[in-house]
Amino acid sequence: MRIETPFGPAWAAINEGGALTAFNFRQPGNDIGESAEVASQLKEFFAGTRREFDLAMAPDGTDFQKRVWAELLKIPFGETISYGELARRIGDPMASRAVGHANSRNPIALIVPCHRVIGANGTLTGYAGGLELKERLLNWERSFVQPRLFG
């Protein structure tokens with residue numbers, strides 16, 4: 001199903017059970033059906049009124065990839081972590097490259113927020129939708145987050 005976003009068209013794929021199996025900005029998915037709930041939550045997200053998704057998802061991947069993707073869901077809206085930190089969070093601190101590979105295979109981009117993972121030095125690295133889109137998504141999210149004041 002095609003969805004218009006502030007970042008251009010995106011495509012969502014829904015399986016027979018109504019679970020989201022893919023979302024991306026690059027190419028149409030092989031969807032079986034439409035989902036009013038997916039469309040509604042994406043509309044809320046792009047309006048800035050939703051920060052987390054509550055959708056049935058059924059991504060296809062290895063057990064390791066699914067562990068990485070589950071951890072991605074814990075990264076707060078508007079925040080970033082490094083690949084190394086993500087590897088530590090899944091209990092495998094030496095697996096930052098494998099984590100990067102799992103991120104590149106994430107079939108449910110944005111909703112499973114792989115764009116929130118950056119290089120250890122703060123640089124943007126790797127994003128299937130391109131680094132320009134990754135930067136735009138991060139800047140857009142940050143525009144909705146109040147800065148934290150210390151003191």
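The model shown is predicted, which means the values in this text are computed figures rather than measured ones. Quick note: residue numbers are just sequence positions, from 1.
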Q: Can a salt bridge be assigned to the pair E52 and R50 using a cut-off of 4.0 Å between side-chain N and carboxylate O?
A: no
Q: Measure from the side-chain N and O atoms of N24 to the backbone N and O of G129, and report whether any donor-acceptor pair falls under 3.5 Å.
A: no
Q: With a 4.5 Å heavy-atom cut-off, do I81 and I118 have their side chains touching?
A: no
Q: For the residue pair W69 and D60, what are the closest heavy atoms and their distance?
A: CH2-O, 3.5 Å
Q: Is there a donor-acceptor pair under 3.5 Å between the side chain of T21 and the backbone N or O of A13?
A: yes
Q: Mind listing the closest non-hydrogen atom pair of L110 and F46 along with its distance?
A: CD2-CZ, 3.5 Å
Q: To the nearest 0.5 Å, how far apart are CG in N15 and CE in M57?
A: 12.5 Å
Q: For the residue pair S96 and A87, what are the closest heavy atoms and their distance?
A: N-CB, 3.8 Å
Q: Counting only N and O atoms by type, is there a donor-acceptor contact under 3.5 Å from the side chain of S40 to the main-chain atoms of E37?
A: no
Q: Would you check if R51 and F144 make a side-chain contact, meaning some heavy-atom pair closer than 4.5 Å?
A: yes
Q: Hey, what do you get for CG (N121) to OG1 (T123), rounding to the nearest 0.5 Å?
A: 3.5 Å
Q: Where do F64 and A102 come nearest, in terms of heavy atoms and distance?
A: CE2-CB, 4.2 Å
Q: Take L42 and F23 through the side chain to side chain contact (heavy atoms under 4.5 Å, CB included) test and state the conclusion after the steps.
A: CA-CA 11 Å; L42 284 164; F23 181 83; 3.6 Å; yes
Q: What distance separates T125 OG1 from L131 CG, expressed to the nearest 0.5 Å?
A: 7.5 Å
Q: Using a strict threshold of under 4.0 Å (side-chain N to carboxylate O), is an ion pair present between E71 and R67?
A: no
Q: To the nearest 0.5 Å, what is the distance between NZ on K134 and OG1 on T80?
A: 9.0 Å
Q: Kindly compute the distance separating CD1 (I111) from CG (N106), expressed to the nearest 0.5 Å.
A: 9.5 Å
Q: So do the side chains of L20 and I108 get within less than 4.5 Å of each other, counting heavy atoms only?
A: yes
Q: Can you establish whether the number of heavy atoms outside N139 located under 6.0 Å from its atom CG is more than 12?
A: yes
Q: Determine whether E141 and H115 satisfy the following criterion, side-chain hydrogen bond (donor to acceptor under 3.5 Å, both in side chains), listing intermediate values before the conclusion.
A: CA-CA 11 Å; E141 284 188 10; H115 64 283; 2.7 Å; yes
Q: What's the verdict on side chain to side chain contact (heavy atoms under 4.5 Å, CB included) for I14 and E34, showing C-alpha distance, side-chain angles and the deciding distance?
A: CA-CA 7 Å; I14 313 298; E34 298 283 318; over 6 Å; no
Q: Closer than 3.5 angstrom, by distance alone: can the side chain of W140 be matched with the main-chain N or O of P6 as a donor-acceptor pair?
A: no
Q: Shortest non-hydrogen contact from K66 to G61?
A: CE-O, 3.3 Å
Q: Charged N to carboxylate O below 4.0 Å: is that the case for E79 and R142?
A: no
Q: Between S82 and R88, is a side chain to side chain contact (heavy atoms under 4.5 Å, CB included) present by the stated rule, with each step listed?
A: CA-CA 10 Å; S82 70; R88 282 187 287 283; 4.3 Å; yes
Q: Is there side-chain contact between S104 and Y127, with at least one heavy-atom pair below 4.5 Å?
A: no
Q: Should N103 and L86 count as side-chain neighbours, where that means a heavy-atom distance under 4.5 Å?
A: yes
Q: Between V38 and F53, is any pair of side-chain heavy atoms under 4.5 Å apart?
A: no
Q: With the side chain counted from C-beta on, respond yes when L124 and L138 share a heavy-atom pair under 4.5 Å apart, and no when they do not.
A: yes
Q: Can the ring centres of F45 and F77 be said to be less than 6.0 Å apart?
A: yes
Q: Do other residues, nucleotides or ligands put more than 12 heavy atoms under 6.0 Å from the CD atom of E132?
A: no
Q: Keeping the roles fixed (side chain from Y83, backbone from A95), state whether a donor-acceptor pair exists under 3.5 Å.
A: no
Q: Give the minimum heavy-atom separation between L137 and F7, together with the two atoms involved.
A: CD2-CE1, 3.6 Å
Q: Show the numbers, then the answer: is there a side chain to side chain contact (heavy atoms under 4.5 Å, CB included) between M1 and W11?
A: CA-CA 6 Å; M1 119 178 133; W11 290 267; over 6 Å; no
